[in-house]
Amino acid sequence: MFKKVLVANRGEIAVRIIRACREMGITAVAVYSDADRRALHVRLADEAVNIGPAQASESYLSVERVLQAAAATGAEAIHPGYGFLSENADFARAVQQAGLVFIGPTPEAIEAMGDKGRARTRMEAAGVPVAPGYQGLDDPAALEAAAAKISLPLLIKAAAGGGGKGMRVVHQLSELVEAAAAARREAQHAFGDGRLILERYIPHARHIEFQVLADQHGNLVHLFERECSVQRRHQKIIEETPSPYLTEALRAKMGEAAVAAARSVGYTNAGTVEFIVDSQSGDFYFLEMNTRLQVEHPVTEWTVGIDLVQWQIRIAAGEPLPFKQDNLSQRGHAIECRLYAEDPANNFLPATGPLLTFAVPSGPGVRMDSGFTSGDQITIHYDPLIAKVTAWGENRPAAIQRMTAALRETVLLGITHNGQFLQDVLSDPQFIAGGVYTTWVEEHFNGWQPPQCGLPPEVLVAAALAQLQPPSAAADEHDPYSPWRMPNGYRVGQ
Amino acid sequence: MFKKVLVANRGEIAVRIIRACREMGITAVAVYSDADRRALHVRLADEAVNIGPAQASESYLSVERVLQAAAATGAEAIHPGYGFLSENADFARAVQQAGLVFIGPTPEAIEAMGDKGRARTRMEAAGVPVAPGYQGLDDPAALEAAAAKISLPLLIKAAAGGGGKGMRVVHQLSELVEAAAAARREAQHAFGDGRLILERYIPHARHIEFQVLADQHGNLVHLFERECSVQRRHQKIIEETPSPYLTEALRAKMGEAAVAAARSVGYTNAGTVEFIVDSQSGDFYFLEMNTRLQVEHPVTEWTVGIDLVQWQIRIAAGEPLPFKQDNLSQRGHAIECRLYAEDPANNFLPATGPLLTFAVPSGPGVRMDSGFTSGDQITIHYDPLIAKVTAWGENRPAAIQRMTAALRETVLLGITHNGQFLQDVLSDPQFIAGGVYTTWVEEHFNGWQPPQCGLPPEVLVAAALAQLQPPSAAADEHDPYSPWRMPNGYRVGQ
Amino acid sequence: MHFRYQSGQQSAEVTLERSGDGFRALVNGVAYAVEVLDRQPGVLSLRFDGRPLTFYWAQDGSRKWISQGGCTYWLDPPAQRASQRGSEGDGNTAVRAPMPAQVLAVQVASGDPVERGQVLLLLEAMKMEIQVKSPAAGRVNRLLAAVGQTVDRDQLLVEIGE
Amino acid sequence: MHFRYQSGQQSAEVTLERSGDGFRALVNGVAYAVEVLDRQPGVLSLRFDGRPLTFYWAQDGSRKWISQGGCTYWLDPPAQRASQRGSEGDGNTAVRAPMPAQVLAVQVASGDPVERGQVLLLLEAMKMEIQVKSPAAGRVNRLLAAVGQTVDRDQLLVEIGE
């Protein structure tokens, strides 16, 4: 096992990985930009190295700086977390060339899945269902010919990228050429690659993904699905497992497809195969594979009883998986809610500011993964993810109840965030019934406003008492339990 | 389901039950003594009723006051927690007679198990192994005759009680009569009942107990064992499951015995059948049944995936268990450490004082159950239990590693406690090897002293910086991330 | 002891008087019995007319943030609502930042004529890029943003005049 | 800035000087580079000679409690160790409370002769009862505890003289 691992990330995922290292007796090295000099992941690590200015491109995205930090500290392996350099094949290769271990798949596997167009071809060859469609459509005539063979509506996607850039939905054939031109320009601008993919667009689609885990000795298993259909702007807000949509038969079929997809690229370490599921027909199609740890991995950990981050490290160190597919099962139900620094009443646009007060929920079946504590700042430089709250319950209603209680206990003062919005989604009858799809939030919560809490008298009185000075000690001497007499210590959540 | 439940307890278990109520949509009523007027369980409850002075006998142990509080608030059911009135059959009966529901077994089941002598007889009849021994020994001659039939050493126990009172180990027959007289006096004094039981004393015995759960419709299951051999003064310090001692065959045999024991008294709700296991021979003997929720129930919840407190409430409301014995299994390994306000270097005697600072561990697989927050006081009136830290891992070594990391993260300033002692037990080779027994702590840690941490320079510097006044705001204007500029908010653990 | 608060359009007055172990509070004329159960930095637990309630609070300048039971409130001192949006009645149309961001690009110059919907600036925050478009046709009367500059939400970026 | 601390037998001196963004600290003559990473009520994170470390601390009268990495420390101001145990060289044997407790029973009276091992008092704390026995034969010279009284750990209960 490694003696020292460098964590090439920040925020909650860096904290999560540092914790795993500590439990395994591994020294954890943090890296940080100037903006993160005092961040939680720096404070928690055993060592910390500055790797440049706030801009990610010159710090967390700099292959050179990260490798320098690893060399300077004598780290033997690098865990990239998610985002930043985690799906950068050149980085993975550079890590290997520097004689270090990349905690993730091979550069070849990353490359094979990195290009949507090429991945589509490989998946077809491996027998993994892909949405009816075409690629390599360079001229309008080829485009129109391809479109004619697919039923409307159509989806135009960038072959090189993701995150919704270069994406267009076409409802009428007459819109096709212009939409393709716009998508091509956008893709060229964003990825330096204007190649497009034309696919059938699936309305009311669900996003269901399968976690896979593979060692370097040929053992490859899936750890069941995660339902991630509650999204805004193509980003997940709430994830859960098991999916309320899947039947046992469909789960088995998709699990096999996920394993086939991963095996076809010689996948090792943890990864996620994402599918789009037509909620009318139950047909599912390969969307993409994320060749890294996923934000929402805790719901899998809760229900499958596997520590994914520890296994990523063990697999990278060469350990074999001690379980087979048949040994794995899910227990109960887990949900994750992402607390974002954003304004759900303002198109979910980012918000910044200080976390004046951040109190986290506790109690059985509740887990909080956060990269911040009270007193920290959320800046414009990085992700809006403040924390992930996950809850486990014996079944889906119990998990929803527990998550609702946990969100009510979560206190986040000083910044605009989506905590109230998450509570509203959890109590929505359609969410409770499990009948959501990827555009559901946009359609259903369009124009959402926070509920008017008013100004209850107890809140006003609390405000006044909060600013009241304690009386002199003598005044309360008759009461040995007086709260005014209490010493002024640190205090934690209830 | 009940609309309102009264929680007739305090501390961490009251907090635990209040949380379960909140998740189930039930209004939770707390009761409190004068000493607990500002306690966490009061602050968390929906309603709270004062039931008398600090002395438990006039508040938490007062059947009348608790019933008055239930009547005044319109509670439909009473959860007694553990300790206090939880194993008081008269209380359970009075609750029923008041037209309310007692969340626990029937008064008859409590009575059947409450007297050790009678329980022994019943267990023998039910085919549950009891240690070779005799009861009803009123004169010295009968005593000596009984002793002659059991091999030495012998154990004298009070028939009516527990907690080590009226207990004597006899190594030589010549000590017998005097030891019995002393035990009888002590039992008479403590329980008003001098009846004795004579049993074979089992050296190097392990304390292994089985959780049972039974609904009102005849379904009765066990939820596997808890190994509780790490004890001081007959009180558990560390509990875990699965037991590192049990084989599958022995586990099955003991589980069946636990079910038989509970069934023989028509047991309903949650309970625990305690066994003494001879670690040399593997023979096991019924010790007693605790007819209530156990302190260490979280390790069962972690590994079996059942919320015991929620099920206690559901069973009391008449719901049937939706699972059978065959549906139940354990996953991974869980450990609990009890944080006590006591001095392990002073015979584990109680300590009191303020919790100036109480920071709890977090991260995946860690759960903290506490009845206190920073600023609270630990007084001489009640239990020394400050909090329970539980950790789950994929296997025993992983759970021990996680628990060790969690204890290192736990901060408890202002009071003497056993946190460092717990860390020492967890790192002891004999504990790690699983080879402990109920007198192990006494024998092995006799004369224990806290490790000398010395006065490292970083601690001295931190002390100086802690008392340093922040510089004027202007001084740090050049640094937008300066910690001296941070607003003064509430802050939570890392 | 008297306290006055304002929150958006609403305002309220609180009076506290010591009474026995606790306080008698008057809120907009209605009386409540209040006892302080616990008081730690940023946390306050009360027994409010018999109900135990815990509040988390923080101060940000003159603004007080309070959280209770899953709801968040903010309270300002009274009469502090000097319209932040300033004088928009001068015939100019103000274009403000929809989010805190860094200015990625400025695509107009002072004095330029602009059409409705024309992109004026590009902003970026948290890996997200958005276009700021002109809400009206007109002319760029004032340009208050430069590339690389960090802007707050609602900060004035451009004024479009006739 | 100079600070002096005492902990049991050990004492130490700390000097802090501002240096760049942080401090230069001298502890018993050895220099360390220190930067404050975070500072919240009761919590302090430092970069100490390059190592990130988080400390929790609290003040109890003049005593400072500090926790770091699973170890707890307490620091007092110097020369504060006026022997709490007082003058035990007066020929009397002091009997002290082994734990904070309530006095359940007093089984001797002032002036009583006592034997070694004789039970003097019963104490109770947290449902636990203990007997306080005489460490020597002699006479009860002073009796400082009464039934129902609450005593601290190490509080003088009885003095046994000749």
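Here is how names work: the chains are called A, B, and so on, in the same order as the sequence lines, proteins then strands, and each is numbered from 1.
Rounding to the nearest 0.5 angstrom, the gap separating the OG atom in S370(B) from the CD1 atom in I386(B) is 8.0 Å. Note: T27(A) OG1 to K3(A) NZ = 9.5 Å, rounded to the nearest 0.5 Å.
Taking the six-membered ring for Trp and thresholds of 30 and 60 degrees, F323(A) and W311(A) have ring planes more than 60 degrees apart, a perpendicular arrangement.
Side-chain atoms of Y382(B) come within 3.5 Å of backbone atoms of A54(B) as a donor-acceptor pair (strictly under, hydrogens ignored).
Contacts of R402(B) with chain A are made by both backbone and side-chain atoms, with heavy-atom separations under 4.5 Å. Both the backbone and the side chain of I306(A) come within contact range of chain B, each with at least one heavy atom under 4.5 Å from a heavy atom of that chain. R22(B) touches chain A through its side chain: at least one heavy atom from C-beta onward sits under 4.5 Å away, while N, CA, C and O do not. For a residue to count as touching a neighbouring chain, one of its non-hydrogen atoms must lie under 4.5 Å from one of that chain's; by this rule M403(B) does not touch chain A. In this structure, the portion of R16(B) lying under 4.5 Å from any heavy atom of chain A is its side chain and not its backbone. Contact annotation for S329(B): both backbone and side-chain heavy atoms come within less than 4.5 Å of a heavy atom of chain A. Residue L413(B) does not touch chain A at all, counting heavy-atom pairs closer than 4.5 Å.
The candidate with the highest count of non-hydrogen atom pairs below 4.5 Å against chain A, out of V366(B), V304(B), D369(B), is V304(B). Comparing A20(A), G25(A), G363(A), P364(A) by heavy-atom pairs within less than 4.5 Å of chain B, the highest count is held by P364(A). Of the listed residues (R408(B), M368(B), R367(B), R331(B)), the greatest number of heavy-atom pairs within a distance under 4.5 Å of chain A belongs to R331(B).
A heavy-atom distance below 4.5 Å is found between the side chains of L223(B) and L308(B). By the 4.5 Å heavy-atom criterion applied to side chains, S33(B) and H381(B) are not counted as neighbours.
A donor and an acceptor atom, one from each side chain of R43(A) and T373(A), are located under 3.5 Å apart.
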